[in-house]
Protein chains: 2
Amino acid sequence: MSKLPSTKDSYSRTRQDHSTETAEDYVEAIFDTIEAKGACRAVDLAEQFGVSHVTVSKIISRLDTDGLVEAPAYKPIGLTPEGKLMAARVRKRHELVYSFLIAIGVDAKTAAIDSEGIEHHVSTKTLARMRAFIEERSADR
Amino acid sequence: MSKLPSTKDSYSRTRQDHSTETAEDYVEAIFDTIEAKGACRAVDLAEQFGVSHVTVSKIISRLDTDGLVEAPAYKPIGLTPEGKLMAARVRKRHELVYSFLIAIGVDAKTAAIDSEGIEHHVSTKTLARMRAFIEERSADR
DNA sequence: TTGTCATTGTAGCCATTGCTACAAATCAAC
DNA sequence: GTTGATTTGTAGCAATGGCTACAATGACAA
Ligand SMILES: [Mn+2]
Ligand SMILES: [Mn+2]
Ligand SMILES: [Mn+2]
Ligand SMILES: [Mn+2]
């Protein structure tokens with residue numbers, strides 16, 4: 001049962017998702033950190049992601065080149081307008097995936113962990129179905 | 001609303017998921033191909049994944065070293081007992097995620113694409129909730 | 001048997017994401 | 001203002017997953 005028509009397209013979409021995943025997680029984290037602490041330093045991101053500050057530094061450099069962040073040397077990290085747009089979009093998507101997992105009965109901790117990976121692989125169509133499900137459920141009660 | 005308690009653990013779990021993702025997709029594809037065509041050649045995998053045969057060759061080498069596949073030179077690719085176990089487990093999980101997306105109203109093509117990425121980030125707890133949801137819905141109608 | 005074609009392997013390149021070790025800059029406290 | 005801790009940068013390494021170009025192998029038909 002359940003066919004599973006896995007075509008070449010599926011894998012290339014997953015590879016594409018992974019190629020944007022780092023940028024998405026970083027701008028989202030920068031956005032949140034600025035909101036929470038007023039500024040975002042590389043060390044904050046290293047702590048949040050659980051990686052070394054060197055890894056953060058290198059990735060921030062690329063995001064700077066790509067026009068998503070502004071990272072003057074030895075100064076806090078800011079988002080460009082484009083970066084802010086991506087952050088807002090990504091955070092909304094992440095929250096929706098999280099809320100959906102909660103809605104189907106997953107516990108908060110598991111939902112937090114799973115949604116961190118799932119968020120990058122959810123198309124707008126699937127996202128729309130998740131949103132519809134949440135709204136139906138909240139109307140029922 | 002919706003908190004989103006993204007801790008360090010979430011990101012390291014996602015990184016861990018990605019480190020096993022390639023092995024999972026490959027053993028699943030090998031399993032399916034053997035089932036469908038009687039044997040699996042590297043060229044079959046290159047076609048399925050949409051990558052070059054060199055990429056396949058290198059990855060198969062590593063899976064061989066890791067004890068998941070048997071890959072004698074210039075011969076078809078087989079699965080070790082451990083590889084077969086992983087393939088069966090992964091396929092079941094993949095099918096469940098796919099069926100769940102269908103159950104919440106996602107169209108077949110989108111479900112096929114999205115599930116290819118999502119499958120690797122779904123914990124057993126979330127999987128259990130998806131299974132329960134499918135069973136409830138099939139009981140209702 | 002020989003030649004051709006499909007398949008696989010190898011060499012060598014690149015980008016990404018991770019690390020340790022060490023150097024430089026900044027900040028705060030004294 | 002000097003010192004000391006925090007923060008950031010840089011050098012250099014490894015594993016993974018992509019690629020092209022070219023070499024070798026194997027299978028099959030002529
Ligand atoms: Mn994420
Ligand atoms: Mn992923
Ligand atoms: Mn799969
Ligand atoms: Mn997959």
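Below, chain A is the first sequence line, B the second, and so on; all start at residue 1. Nothing here was measured: the structure is a model prediction, and the numbers come from that model.
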Is the phosphate of dG17(D), meaning OP1 or OP2, less than 4.0 Å from a side-chain N or O of R15(A)?
no
Same hydrophobic cluster for I113(B) and I118(A), using side-chain heavy-atom links shorter than 4.5 Å among ILVMFWY?
no
Nearest whole angstrom, please: distance from the P of dG9(D) to the CD1 of I59(A).
14 Å
Taking only side-chain N and O atoms of T22(A), does any of them lie within less than 4.0 angstrom of OP1 or OP2 on dT17(C)?
yes
Among dC19(D), dT8(C), dT8(D), the one nearest V43(A) by side-chain distance:
dT8(D)
Y74(B) or S19(A): which one's nearest nucleotide on DNA chain C is closer to the 5' end?
Y74(B)
What integer distance in Å separates K75(B):NZ from dT8(C):P?
13 Å
Taking OH from Y26(B) and C1' from dT16(D), how many angstroms apart are they, rounded to a whole number?
11 Å
Let me know, please, whether A71(A) or H18(B) comes out on the 5' side of the other along DNA chain D by nearest nucleotide.
A71(A)
Just the rounded figure in Å: distance from P of dA25(C) to CZ of R41(A).
15 Å
In this structure, how many angstroms lie between the C1' atom of dT7(C) and the NZ atom of K37(B), rounded?
12 Å
Any T55(A) side-chain nitrogen or oxygen under 4.0 Å from OP1 or OP2 of dT17(C):
no
Is V56(B) linked to V27(B) within one hydrophobic cluster, defined over Ile, Leu, Val, Met, Phe, Trp and Tyr using a side-chain heavy-atom separation of less than 4.5 Å?
yes
Starting at the 5' end of DNA chain C, which residue's closest nucleotide do you reach first, K58(B) or S52(A)?
K58(B)
Is V54(B) touching bases, backbone alone, or none of the nucleic acid, heavy atoms closer than 4.0 Å?
base
Taking the six-membered ring where the residue is Trp, are the ring centres of H120(B) and H18(B) under 6.0 Å apart?
no
Whole angstrom value for the distance that separates C1' of dT8(D) from CG of L45(A):
13 Å
Rounded to whole Å, how long is the line connecting atom NE2 of H53(A) with atom C1' of dT10(D)?
9 Å
Rounded distance in Å - OH (Y11(A)) to C1' (dG17(D))
16 Å
Centroid-to-centroid, F133(B) to F133(A), below 6.0 Å?
yes
Compute whether any side-chain donor of one residue and acceptor of the other, for H121(A) and D114(B), lie under 3.5 angstrom apart.
no
